[in-house]
**Student:** 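First, the structure itself, so that you have it in front of you.
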Number of protein chains: 2
Amino acid sequence: MKGRVSAYDVAKLAKVSQTTVSRVLNNYPHVRKETRKRVHDAINTLGFSPDEIARSLASKKTNTIGLIVEDISNSFYAETAHIILREAQKYDYEVIIIDAETDENSFERAINTLNGKRVDGIIVASARMDNQKVKEFYDKGFPIIFYNRRIYGIEESHYVEVDNRLGAKIAVNHLVENKHRKIAFISGPTIYSTFYQRFEGYKEALQENGLEYDESLIYKGEVIYEQVFQFALNLMRDKEMPTAFFASTDQMALAIMDAAARSGRHIPYDISIIGFDDIEIASNPYIGLSTISQRKREMAVLTLQKLFSLINKDDSNSEPNKITLEPELIIRKTTGVNNQ
Amino acid sequence: MKGRVSAYDVAKLAKVSQTTVSRVLNNYPHVRKETRKRVHDAINTLGFSPDEIARSLASKKTNTIGLIVEDISNSFYAETAHIILREAQKYDYEVIIIDAETDENSFERAINTLNGKRVDGIIVASARMDNQKVKEFYDKGFPIIFYNRRIYGIEESHYVEVDNRLGAKIAVNHLVENKHRKIAFISGPTIYSTFYQRFEGYKEALQENGLEYDESLIYKGEVIYEQVFQFALNLMRDKEMPTAFFASTDQMALAIMDAAARSGRHIPYDISIIGFDDIEIASNPYIGLSTISQRKREMAVLTLQKLFSLINKDDSNSEPNKITLEPELIIRKTTGVNNQ
DNA sequence: TTGTAGGCGTTATCAT
DNA sequence: ATGATAACGCCTACAA
C-alpha cells in the first residue's frame, strides 16, 4: 500500500524537478526532447500513473461528468447510458451515474453529491418539471443539460429533446388514418415534460381530427405495469371499448398488449396499439410494437457535445442550447385498420 | 466560480478553527454541543458543502467504486447496475461505470482509469478468463471482486457467481425429461467462464443421459443476433433438425425464437427453447421464455457486501471469497414435450 | 474541548 | 528549458 510511486520518485530517477515531470505528463511544449525521454523512461520503469484526485484538486477539473437517471434497468435509460458512457470515453471522461427517484429530495441529493464530487458537468435524464434545485447551479454558470425530459420555468436551461407533442400527434394521426375513432391514451405522470407534451399532442390531434376527448379513455398515473394492465383490461371488457390504444411509453404499451392477450383480443385485428420510445424489445419479432422513435443516439450524442462545449466554454454564443429533434413513426405489427 | 466557500470560511464565521469544522463534518465525538451548533449554523448560512476531492486526497478514500461491464444496454448488465447503484447509495458510495470491450487492452485501460481515479474498490462484471492485468492489483491487496464471470489462474481471486455448470445440466435435464434427445447448444465465446462452464455442463448432462455429443448442433461464437439467428435457421431447415435448443443466454434464445417463427416452427410444439439468465423480457407474456435464473439480485447484493468488507478489511478471515449460488429452473412457455 | 501545523500529490506562478 | 514554491481544501497527529 505504501508502494505508491509519486511524481517525485519519477523526478528523482530522471534527475529533474517534479515540475518537469508534470510538464511531460501534460504535454507541455517547452521540454527538451531528451529530458522528455528521460522522464518517460523513469515513468515506465517505476510504473507510475498520476493520481487523478490530486490532479483534480490542483486543476479544478475532474474529467468526470454526472448522469442522473431514474432507473438504469429501464431499457430506455440503459440504452442511453451505453451511448453516453462509450461516447464520453472518447473524450477521456468518466461518468458517475446516479440512479435515483425523481422527487425533489432525491434529486437534490443527487445534485449535491455530484457537486461534492466536483464533476465538470451534469446530464439530467429524468427531470421533473418542478426540479428547481438546479436554478442555483445555473446561476453559477455550472454546466447542466437536460436530456429528453426538461424542466420549466428556467429560461436559461439547456436541453435536448424530441418533439413530444408532434410525436403524439403523429401517433394519433396514424391511428386515425387507420379509421380508429375511439382512441385510449395511457400517460405517465404529467409532471414530466415528456408526458405533459405527449398529452397535449394527443388532445390537439383529437381536436384536429374532430374527435371528442373522453376522460374515461385516459390513464394518467404512475408507470406501473400492473396498474396499466388493469386499466387496459377494464376498458377491454367493455363492449364499447376503444379500438386503439396510444401508450406514451413502450413499457406501458407492453402492459396493454398483455391485457389484450388476456382478454382474448387479437392485435391488430381487434385492437391497435402504438407506443413511444422505440426501446429495443419493441422490434423483437414476437412483439413488433408500432411506436414513435425517440432517436436516442442522436439525442445522447448531441447532449454530450453540448455539455462539453459548455464545460470548455467554447460556445461562441453562450445562448442556451435548446434542441428539439423530430420524432419518427415506426409502423410494425401492432397497428392496423379498424374493421368494426 | 470564485464563489466556492471552504471550510475556512465556515470556520471564520463560526469563530472556530478549520479543524473544528472538519470535526463536526466528520461527527467527531469531542466537540461541545454549542460549538457544533455554531458550526452547523455557519455551514447553513454559507451553503457550504465539503469538497470531496480534497477530502479524498487527504483521507485516501474516495467513497467511490468502479464497475466494469461489457455493455450496459444489455439488460443483464442494466439490471445488475441498477441493483448495485441503488445498493451502493445506501452505503454512501457512488459508482463509476466503465462500459468497455473485454479484450485485454480495453480491460487494462479500464482498470488503469479506475486506479487513477483512486476508487476504493472494483467490481468486474465482464471478465474474460485470461484478464491477467488484475494480478498486480491483487498482489497489492487492492479490493477487486468478480461478479458472474470470473478469471482463472489466480488463486486468491474473489468472486460471486452462479453454478453455471449445474444450471446447464438442469436445463438439459429439463429438456430430456420432456423426451428431447437431439438438443442443440448455442454458446457464446468460451473464453468467458460462464459460457465455458455452461458448455461443460451441457456435455456432462448429455453423457449422463446417454446422449451423444454432435458437433453440428453446436454454435460457439460471438453473441451476435444475426449470426445466431442464421445458425438456428439453418438447423431448422434440416429434416433431421434438433427438437430442442439450449441457448446459454436469453438474448441468444430470442434469436432462436425468431428463427423458429421465420421457419414456420411452432413453439413449443415443433421445437423447445430454453435460455439462461432470466432477463426481464423473458417473462413478457408474448415471449414466455423458459430459462435458468441467474439470481442477479442476490449476486449483486452479495458482491457489494463482500467488496465493502474487503475495503474495510473487516473480514475476520482474509480468505478469498468464493461464492457460488445455485441456479433455478424457470419453466414458461417455450419448452414442452417432444411429440415427434 | 479546541487549535496549530504539516501533509496528501498534483498544477500554476514566478523566477532563472 | 527548467526549478522553487505556493496553492488546492481538506484530514490528522500533536499540542495546549
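So you know, we letter chains A, B, ... as the sequences are listed, proteins then strands, and number each from 1.
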**Student:** Please give, in whole Å, the distance from C/dT1 C1' to B/E34 CD?
**Tutor:**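 Distance check: B/E34 CD to C/dT1 C1' gives 12 Å.
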**Student:** Among the nucleotides C/dG7, C/dA12, C/dT10, which one has an atom lying closest to any side-chain atom of A/S59?
**Tutor:**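 The nucleotide sitting nearest to the side chain is C/dA12.
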**Student:** Has A/S17 got a side-chain N or O lying under 4.0 Å from the OP1 or OP2 atom of D/dT2?
**Tutor:**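 Answer is no, no contact under 4.0 Å.
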**Student:** Counting only distance, no hydrogens or angles, is the base of D/dA4 paired donor-acceptor with the side chain of A/T19 under 3.5 Å?
**Tutor:**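 Yes, the side chain and the base share a sub-3.5 Å donor-acceptor pair.
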**Student:** Between D/dT12, C/dC8, C/dG3, which nucleotide has the shortest distance from any of its atoms to the side chain of B/Y28?
**Tutor:**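 Looking only at side-chain atoms, B/Y28 lies closest to D/dT12.
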**Student:** Just how far, in rounded Å, is P of C/dT11 from CG of A/N63?
**Tutor:**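 It is 12 Å, rounded to the nearest whole Å.
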**Student:** Nearest whole Å is fine: how far is C/dT2 C1' from B/R38 CZ?
**Tutor:**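 Rounding to the nearest Å, CZ of B/R38 and C1' of C/dT2 are 11 Å apart.
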**Student:** Is there a side-chain polar atom (N or O) of A/R55 under 4.0 Å from OP1 or OP2 of C/dT11?
**Tutor:**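 Answer is yes, contact under 4.0 Å.
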**Student:** Relative to the 5' end of DNA chain C, which residue comes earlier, B/K15 or A/A54, by the nucleotide with the nearest heavy atom?
**Tutor:**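 Here B/K15 is the residue nearer the 5' end.
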**Student:** Separation of A/K117 atom NZ from D/dG9 atom P, in whole Å?
**Tutor:**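 Going from NZ in A/K117 over to P in D/dG9 covers 18 Å.
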**Student:** Below the 4.0 Å mark, does C/dG3 have OP1 or OP2 next to a side-chain nitrogen or oxygen of B/T20?
**Tutor:**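 It does, given that an N or O in the side chain of B/T20 lies less than 4.0 Å from OP1 or OP2 of C/dG3.
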**Student:** With the side chain of B/H30 defined as its heavy atoms from C-beta on, choose the nearest nucleotide among C/dT2, C/dG9, D/dT2.
**Tutor:**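 Per side-chain heavy atoms of B/H30, the pick is C/dT2.
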**Student:** Consider salt bridge (charged side-chain N to carboxylate O under 4.0 Å, His left out). Of A/R150, A/R149, A/K322, which one does A/E161 pass it with?
**Tutor:**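 Going through the options one by one, the only one that passes is A/R150.
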**Student:** Between the side chain of A/D99 and the main-chain N/O of A/I72, is any donor-acceptor distance below 3.5 Å?
**Tutor:**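 Confirmed, A/D99 side chain pairs with A/I72 backbone.
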**Student:** Is any side-chain N or O of B/Y8 closer than 4.0 Å to OP1 or OP2 of D/dC8?
**Tutor:**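 Checking D/dC8 against B/Y8, no side-chain N or O comes under 4.0 Å of OP1 or OP2.
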**Student:** What nucleic acid atoms does B/Q18 come within less than 4.0 Å of, heavy atoms only: base, sugar-phosphate, or nothing?
**Tutor:**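 Here B/Q18 touches the bases of the nucleic acid.
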**Student:** Let me spell it out: for each of A/L57 and B/T35, pick the nucleotide of DNA chain C with the closest heavy atom. Which residue's pick is nearer the 5' end?
**Tutor:**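 First, find each residue's nearest nucleotide; the 5'-ward one identifies B/T35.
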**Student:** Any side-chain N or O of A/K61 below 4.0 angstrom from OP1/OP2 of C/dT10?
**Tutor:**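 It does not, given that no N or O in the side chain of A/K61 lies less than 4.0 Å from OP1 or OP2 of C/dT10.
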**Student:** Figure out the CG/P separation between B/L25 and D/dC10, and round it to whole Å.
**Tutor:**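 Rounding to the nearest Å, CG of B/L25 and P of D/dC10 are 8 Å apart.
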**Student:** Reckon A/S56 touches a base, only the sugar-phosphate, or nothing at all at heavy-atom distances under 4.0 Å?
**Tutor:**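 Result for A/S56 = nothing.
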**Student:** For C/dT10, does either OP1 or OP2 sit under 4.0 Å from a side-chain N or O belonging to A/S22?
**Tutor:**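 Checking A/S22 against C/dT10: no side-chain N or O falls below 4.0 Å of OP1 or OP2.
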**Student:** Please tell me if the side chains of B/L304 and B/I65 come closer than 4.5 Å, counting only heavy atoms from C-beta onward.
**Tutor:**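 Yes; the side chains approach each other to less than 4.5 Å.
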**Student:** Answer with yes or no whether the side chains of B/S193 and B/Y159 bring together a donor and an acceptor at under 3.5 Å.
**Tutor:**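 Checked: B/Y159/B/S193 side chains show no N/O donor-acceptor pair below 3.5 Å.
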**Student:** In terms of side-chain heavy atoms of B/N26, which of C/dA12, D/dC10, D/dC11 is nearest?
**Tutor:**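 From the listed options, D/dC11 comes nearest.
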**Student:** For B/E34, run the side-chain hydrogen bond (donor to acceptor under 3.5 Å, both in side chains) check against B/K37, B/R36, B/R38 and tell me which one passes.
**Tutor:**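 With B/E34 as partner, B/K37, B/R36, B/R38 yield a single side-chain hydrogen bond (donor to acceptor under 3.5 Å, both in side chains), made by B/R38.
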**Student:** In whole angstrom, give the distance that lies between atom CD1 of A/I53 and atom C1' of C/dG9.
**Tutor:**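 Between C1' of C/dG9 and CD1 of A/I53: 11 Å.
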**Student:** Is any side-chain heavy atom of B/Q294 closer than 4.5 Å to a side-chain heavy atom of B/E79?
**Tutor:**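 No, side chains not in contact.
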**Student:** Regarding B/V21, tell me which of base, sugar-phosphate or nothing describes its non-hydrogen contacts under 4.0 Å with the strands shown.
**Tutor:**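 If one applies the 4.0 Å heavy-atom cut-off, B/V21 turns out to touch nothing in the nucleic acid.
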**Student:** Any N or O donor-acceptor pair linking the side chain of A/R23 to the base of D/dG3 at under 3.5 Å?
**Tutor:**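 Side chain to base: pair present.
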